[in-house]
Amino acid sequence: MKPPPFDYHAPRSVAEALDVLAAEGERAKVLAGGQSLIPLLNMRLAAPGHLVDINRLTELAGVEAEPDGVRIGALARHAEVERSEPAAAAQPLLRQALRLVAHPVVRNRGTVVGSLVHADPAAELPAVLTLLGGSVRLARRGGPGTPAAGVSVSPEVPAGGSLTVRDVPAGDFFTGPLESAAGPGELAVSAFFPALPPRSGTAFREVARRHGDYALAGVAALVVLDDDLRITSAAVACVSAGPVPLLVEVTGECGHRPPASAGWAGAARAVQDRAEPEDDIHATAGYRRHLVGVLAERALRDAAREALNG
Amino acid sequence: MTTKLFGEPVRRREDPRLLTGRGRYLDDLGRDALAAAFVRSPHAHAVIRDIDVSAALDVDGLVAIYTWEDLPDRLAEPLPLLIPHPALTHGRTAYPLARDRVRHVGEPVVMVVARDRYVAEDACALIRVDYELLKPVVGVEEAAQSAQLVHDDVPGNVGAHMVQEVPSAGGLDVREVIEDAPHTLAFRLDIERSASTPLEGRGVYARWDADDSSLRVYSSTQTSTSVRMAVAAKLGLPLPKVEVIAPDVGGGFGVKIVHPWPEEVLLPWAAMLLDREVKWTEDRREHFVSSAHERAQVQFVRVGFDDDGRVLGLEVSILHDHGAYTPYGIIVPIITSTQLPGPYKIGSYRVEFSSVYTNTVQVTPYRGAGRPQAVFCMERTMDRIADHLGLDRTAVRAVNFIQPEEFPYDQGLIFQDGRPLIYDSGDYPESLRMLKELIGWDSFPAEKERAAAEGRRIGIGIGCYVEGTGVGPYEGGHVQVTSDGRVHVSTGLTSQGQGHETAFAQIAAAELGVPLERVSVVTGDTRRFGYAVGTFASRAAVMSGNAIALACRKVREKALRIAADALEADPRDLEITDGMVHVAGTPGAAIPLATVAVLSNPLRYAFDEEAARATQFAGASSFDKPPVPEGDEPGLEGRDYYSPIRSTFASGMHAAIVETDPLTAEIRILRYAVVHDCGNLINPMIVEGQIHGGVAQGVGGALYERMVYDGHGQLLNASFMDFLMPYATEVPHVETAHLQTPSPLNPLGIKGAGEAGVIPVSAVIASAVEDAEGIAIDKMPISPSELFDLRRAAS
Ligand SMILES: Cc1cc2nc3c(=O)[nH]c(=O)nc-3n(C[C@H](O)[C@H](O)[C@H](O)COP(=O)(O)OP(=O)(O)OC[C@H]3O[C@@H](n4cnc5c(N)ncnc54)[C@H](O)[C@@H]3O)c2cc1C
C-alpha cells in the first residue's frame with residue numbers, strides 16, 4: 001500500500017501550476033485534498049509520473065457568494081463551503097449535500113472542485129452541479145492566448161500569454177464514471193453553483209450503508225413555485241443511478257398544482273424508470289431502483305416544503 | 001481483599017498514553033530497519049510454474065529476494081499445526097512461502113527486503129510469477145460437493161468430521177426423541193464470514209545481535225512466549241538467546257493468537273542472514289487476504305419439543321468453512337457445537353460438523369470463536385419454537401433454563417480443552433428477569449402498537465448465551481517489591497488494549513495493601529516472564545489475574561514474616577495498608593513495605609542510605625542464622641501460577657429494539673440492553689468497555705460486515721471502503737446491568753468478559769428484525785437490500 005514512484009511538484013502560483021501541467025501533460029495529476037487520489041495511488045490503481053500539489057495556491061481557496069450564485073475555488077474544502085453562511089443563503093443545496101459527503105475529517109481535506117473532477121457517479125456534488133445547471137472553469141496553457149471575456153482565473157495568472165480558460169456546463173462536464181471533461185494539462189480553477197431562484201426549495205435525500213458512506217441511492221431535488229404557489233418547475237438529479245449524475249425533469253408529472261396535490265408519486269415513478277442502477281456487493285439494482293423512487297418522492301416533497309417556507 | 005480497589009471502576013491508567021499518541025506500536029519501532037514486503041498470490045488456486053525476479057534486481061535500494069527454494073531445513077517445512085485433534089484427520093498448514101501451489105488469494109509467494117517499504121513494493125511489482133490456474137473451491141457447499149480438491153490428498157475437502165451425542169435421560173437417542181416429540185421443526189441457518197479486523201494489523205520487527213548471537217523479535221501478537229518458542233525451534237536457536245516482546249498492540253480479537261505467522265519466522269531469519277534489522281508492517285489489504293477470517297457456517301437443525309416449548313431433542317449438523325488451512329485446528333467448530341446448548345437443559349442433543357477446505361483465507365478464532373454461530377442456532381431455534389406454539393419468546397427460554405440449584409451442571413459434552421463441559425455457576429432466571437426489566441419486555445407490545453399506528457415498524461429481540469472462559473493450561477504472575485516501595489507485576493500473556501495495566505494493578509494493590517500508583521504492570525515481554533499461553537478465550541483476567549493474586553499472597557506472607565521480626569510482633573497481628581505494615585490496633589508500630597524490601601535482601605554493598613540498613617554491619621540479622629535462611633530467597637518477590645481444573649462459565653442475555661423503514665428497508669437499532677454475569681468484577685468500567693466493544697463488533701457482524709468472495713475466489717471487498725465496519729454512528733448506546741455469580745473455581749471468583757459482548761448480537765438482531773417484519777430471518781448478516789428482497793418474496 002505504497003504508491004509507485006512519482007515526481008512531486010508544489011507550485012507556488014497558478015501560473016506555475018499551469019506550466020507544470022502543460023509540460024507533463026498526460027503524465028501529471030493534480031493533487032487537491034487527496035481524499036480520492038491518495039487511496040488510488042496507495043493501491044497502485046493509478047501511477048502518474050508527476051503529482052502537481054495545488055495546496056499552496058491559496059488564491060484558489062475562495063468561496064464567493066454572489067446574487068447569481070456561488071463560485072467555489074479549487075482549494076476550498078468541503079468543510080469551508082459547508083460552514084459558509086453566505087453560500088448556504090445563496091444556494092442551500094450545497095450545505096444539504098455536503099453534510100452527506102463522508103465525515104468531518106474527510107471534509108476538512110477534500111475539495112468541492114476535486115470531487116467534481118473526480119466525477120464519481122456516487123458522489124453528491126456532481127449531482128448538485130447537474131441539478132442546478134452549474135459549471136466548472138478549466139484553465140490551461142496554450143490555445144488562443146486570451147481568456148474568454150469577463151473570465152478571471154486568479155489575480156496571479158497573467159491574462160495575456162498563452163492561456164485558455166473555458167467554462168464547461170455540468171451537462172457536458174461529467175462524461176462517464178470517474179471521467180470528466182478536464183483534459184491533460186488542464187486545471188479546474190473553480191466551479192459555479194447558480195443561486196436558488198425565488199419561491200423555490202431544494203433537498204437531498206439518500207440511503208447509505210453507514211453514515212457518511214457513498215450512497216446506495218441519492219436524490220437531489222429542486223422545486224420552483226409561481227406566485228400562486230403552484231409548481232412551475234421540478235427536477236431531480238440522482239447519484240448511483242448511472243454512469244453520470246442522472247437529471248430528470250418532472251415538472252409535467254408533478255402538474256401545475258400546489259405541492260399539497262402535486263403528482264409526487266408519478267414523478268417518483270418517472271425518475272425510477274430513468275434510473276440505471278447496477279448490482280454491486282452492497283445492494284441489488286432492483287433495490288436501488290426502488291430506493292430512487294422512494295427518495296425522489298421524499299426529496300421532492302421536502303424541496304416543495306422548503307419552497308413554501310422560503 | 002484488604003483495600004477497596006478490587007471491584008472499583010478505576011479509570012484505565014493506560015488510556016492517557018494510548019489516546020494521546022504515545023503508544024508504542026510495532027510500526028513505531030525500528031525506524032532504521034530494512035523493510036520487507038511480499039508478493040502474494042493474485043489467484044485463489046494455482047500451481048506455481050516459475051518465479052522470475054530478474055526485472056526486480058535493478059531496483060535501487062533492493063537488498064534481497066527470497067522464495068521457498070531459499071528457505072533452510074525447518075523453515076522449508078509447513079508451519080505448525082498448533083492444536084492437533086483426533087477428529088482433525090486431515091489437518092493442513094501453509095509453507096511460510098508458497099512451495100509449488102497457492103490455495104488462496106493473498107498467500108505469500110516471495111519476500112522482498114529493501115531499503116524501505118516503497119522500494120520493497122516497487123520490487124514486488126516487477127517480480128513475475130508464472131501460475132497455472134486451477135479451479136478454485138469457494139463456499140462450503142461447493143467444497144462438500146465438488147470434485148475439485150483444495151488439497152490433493154484430502155478427499156472430499158473434509159479436514160475434520162466430528163459427532164457428539166448426549167442421549168435423553170431415558171437413554172433414547174436424539175433421532176428417536178425427535179420422532180416421538182409432540183412438535184418438530186426442521187430448518188436451515190446461514191452465517192457469513194467476517195474477521196477480527198484489529199485497527200493495527202500484524203507486524204514483526206527483528207533484531208539480530210551477531211556479537212551476542214541473540215535475537216530480539218517484536219511482534220504484534222497475542223502470545224509472545226509461544227512465538228519465542230516457535231522462532232527458536234524454526235531457526236534452531238537456543239531458547240535463552242531469543243527474546244520476544246509484544247509492544248502496545250492495537251487490537252487482536254483472535255487473529256493474532258495464530259502463530260507463528262510466516263512473517264514471524266521469515267523476518268528473524270532474514271535479519272540473521274543479512275545481519276540487519278528488518279521490519280514488516282502489515283497493510284490493510286494484506287490483512288484482509290493474508291491473515292484469517294471466521295464465522296461462515298451452514299447449519300441444519302431439527303428440533304423436537306413439547307407443548308410448553310421444552311426442547312426434548314435437538315439435532316444440528318454443521319458445515320464449517322475452514323478456508324485453505326487449519327493452523328489453529330478445529331477449535332471454532334468444536335466451540336460452536338459444544339456451546340450451542342447455552343443456558344438450556346436440552347433433553348437430548350446430537351451435533352455433527354464437517355470442517356471443509358475452501359480456496360479462501362484460513363479460518364481461525366475471532367472474538368466469540370464459534371459462539372456467535374452457536375447462539376444464532378440455539379436462539380433462532382427458541383424463537384421458532386415460540387412462534388410455532390404461540391408463546392412468548394422469553395417464556396420458552398425460561399422453561400428450558402438450567403436452574404440456579406442445578407450447578408455444577410454437566411452438559412455431557414467434551415469442551416475445546418478436551419475436558420468435560422461442566423458449568424460452574426450461574427443464575428439464568430435472574431438474568432432474564434433483569435433483562436426484561438431493563439428493556440421493558442412486557443410493555444413492548446403496547447409500544448409496538450403505538451408505533452404501528454404512526455406507520456412505524458419496530459420489533460424486539462432477545463438472545464442468551466453461556467461462554468466457557470479462562471481455558472487452561474495455565475498462566476503465571478511475578479510480583480516484586482523493590483526497596484523504593486514500588487511493586488512490579490509481570491505476567492507472560494499479552495495485552496491488546498484490554499486494560500490489563502489497570503485491572504492487574506488493582507488486584508495487586510488490593511492483595512498487597514499498597515496504593516495503586518505504586519504498582520506497575522508488564523505483559524507480553526519474555527524478558528520479564530517466560531512462561532505463558534496467551535491472551536484469547538476471555539482468559540487473561542481469570543488466568544493471570546488469579547496467578548498475580550496468588551503471587552501477591554506469597555509476597556504478602558513473606559513481608560509479614562520479615563516485618564514481624566523487625567516489629568517483634570506476631571505476623572498474624574499485622575496488616576498492610578497504604579504500603580505500611582503495621583500492628584493492628586497499635587498506632588506507631590509500623591514499618592514501610594519499602595523497608596521490608598530492603599531487609600529482605602541482605603547486602604554487602606551500600607549504594608544509598610536505604611541499602612545501608614541491609615548491609616552486614618547494620619545488625620539487621622542475628623548471627624546464629626545464615627543471612628538468607630534455609631528455604632528462603634533474597635528479595636521481596638513471589639511467583640505463582642494458576643492452572644484451572646476446567647473453564648469457568650460466564651453468561652449473559654441481550655435484548656434489542658429495532659426499527660425498520662417500511663419503504664427503504666433500512667434497519668436501525670433503537671435500544672440495546674445487556675445483562676452480563678462474569679462473576680466478581682475486578683473493574684466494572686473495564687467490563688462495560690469490553691461489552692460495548694463486543695456489541696459494536698456484534699453489530700458489525702449482524703448488519704454490516706461480510707467477506708464477499710466471487711466464484712473465482714477473489715475477495716471483492718478487501719478494504720475499509722467496502723468492508724463495512726460500523727462507525728460510532730452505527731453502534732447503539734448500550735445499556736448494561738451486571739449480575740455477579742462468583743465462580744467457585746478460582747480464588748478471585750471471576751469469569752472472563754472479553755468476548756461476551758459480541759456473542760449473541762446476530763441472534764438478537766435477527767430476532768428483533770423478525771419481530772418487526774413478521775418474516776423469518778435465517779441468514780445473517782442482513783442488509784437493507786436483503787430485507788427488501790425478503791419482503792418481496794414474502795408478499
Ligand atoms: C472515507 C471517505 C469517504 C468518502 N465519502 C464520500 C461521499 O460520501 N461522497 C462524496 O462525494 N465523496 C466522498 N469521498 C471523497 C471526497 O469527497 C473527496 O474529497 C473527493 O472525491 C475528491 O476531492 P479531493 O480534493 O480530495 O481530490 P483529490 O483526491 O486530490 O483528487 C481527486 C481527482 O481529481 C483530480 N483533481 C482534483 N482537483 C483538481 C483540480 N483542481 N483540477 C484538476 N484535477 C483535479 C485529481 O487529479 C484526482 O484525479 C470520501 C472519501 C473518503 C476518504
Side-chain angles (χ1 to χ4, degrees), chain A residues 1-6 8 35-36 38-45 47 99-100 102-106 120 122 205-219 240 265 268 272 277-299 301, chain B residues 35 37 59-61 114 116-122 124-126 201 281-287 661-668 699-700 703-710 715-731 781 783-792:
Chain A
M1 289 258 210
K2 300 285 184 226
F6 55 81
Y8 175 77
Q35 298 302 297
S36 298
I38 298 288
L40 289 175
L41 293 177
N42 283 352
M43 290 189 267
R44 295 192 179 227
L45 294 173
R99 287 196 170 146
L100 301 172
H103 316 99
V105 280
V106 174
D120 190 323
R205 285 291 202 125
E206 69 176 40
V207 170
R209 285 295 274 118
R210 298 170 301 182
H211 180 80
D213 279 352
Y214 281 109
L216 297 178
V219 179
S240 300
Q272 214 171 6
E278 287 181 0
D279 281 328
D280 75 3
I281 63 174
H282 302 299
T284 61
Y287 172 62
R288 287 171 192 269
R289 182 182 299 282
H290 166 79
L291 281 184
V292 168
V294 172
L295 294 171
E297 182 165 344
R298 286 181 183 176
R301 284 177 183 275
Chain B
V59 172
D60 180 39
D116 60 40
R117 180 67 177 255
Y118 293 81
V119 174
E121 291 192 17
D122 291 345
C124 285
L126 294 170
T281 307
E282 185 181 56
D283 66 34
R284 189 52 59 184
R285 177 165 166 82
E286 286 184 295
H287 190 75
D661 187 304
L663 292 176
T664 64
E666 288 167 285
I667 303 165
R668 205 152 61 89
V699 167
L703 296 175
Y704 299 99
E705 300 171 358
R706 64 184 71 201
M707 294 290 172
V708 187
Y709 275 102
D710 70 8
L715 184 57
L716 300 181
N717 61 338
S719 84
F720 278 155
M721 288 297 274
D722 283 315
F723 178 86
L724 308 179
M725 236 203 232
Y727 300 131
T729 39
E730 278 65 52
V731 178
S783 69
S785 183
E786 286 159 329
L787 179 56
F788 173 76
D789 286 345
L790 287 177
R791 284 177 180 173
R792 286 266 155 120

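Here is the naming used below: chain letters follow the sequence lines, and residue numbers restart at 1 for every chain.
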(message) Restricting to side-chain contact (heavy atoms from CB on, under 4.5 Å), what partner residues turn up for B:Phe788, sequence neighbours left out?
(response) A:Tyr287, A:His290, B:Ala665, B:Arg792
(request) Counting only heavy atoms closer than 4.5 Å, note whether B:Ala125 contacts chain A via side chain, backbone, both or neither. (result) side chain
(request) In plain terms, say whether A:Arg209 and B:Asp722 are close enough for a salt bridge, that is, a side-chain N and a carboxylate O under 4.0 Å apart. (result) no
(message) Which heavy atom of B:Ser785 sits nearest to which heavy atom of A:Ala283, and what is that distance?
(response) OG-CA, 3.4 Å
(request) Inspect the contact between A:Arg298 and B:Asp661 and indicate whether a charged nitrogen and a carboxylate oxygen are less than 4.0 angstrom apart. (result) yes
(message) Between B:Glu730 and chain A, with a heavy-atom cut-off of 4.5 Å, which part of the residue counts as in contact: side chain, backbone, both or neither?
(response) side chain
(request) With a 4.5 angstrom heavy-atom cut-off, could you sort out which part of B:Asp710 is near chain A: side chain, backbone, both or neither? (result) neither
(request) Sort A:His103 into side chain, backbone, both or neither according to what part of it lies under 4.5 angstrom from a heavy atom of chain B. (result) side chain
(message) Need one label for A:Arg44: side chain, backbone, both or neither, based on atoms under 4.5 Å from any heavy atom in chain B.
(response) side chain
(request) Give, as side chain, backbone, both or neither, the part of A:Pro39 having an atom under 4.5 angstrom from any heavy atom of chain B. (result) neither
(message) Under 4.5 Å from any heavy atom of chain A, what part of B:Ser783 do you find: side chain, backbone, both or neither?
(response) both
(request) Check whether any side-chain heavy atom of A:Met1 lies under 4.5 Å from a side-chain heavy atom of B:Arg285, and answer yes or no. (result) yes
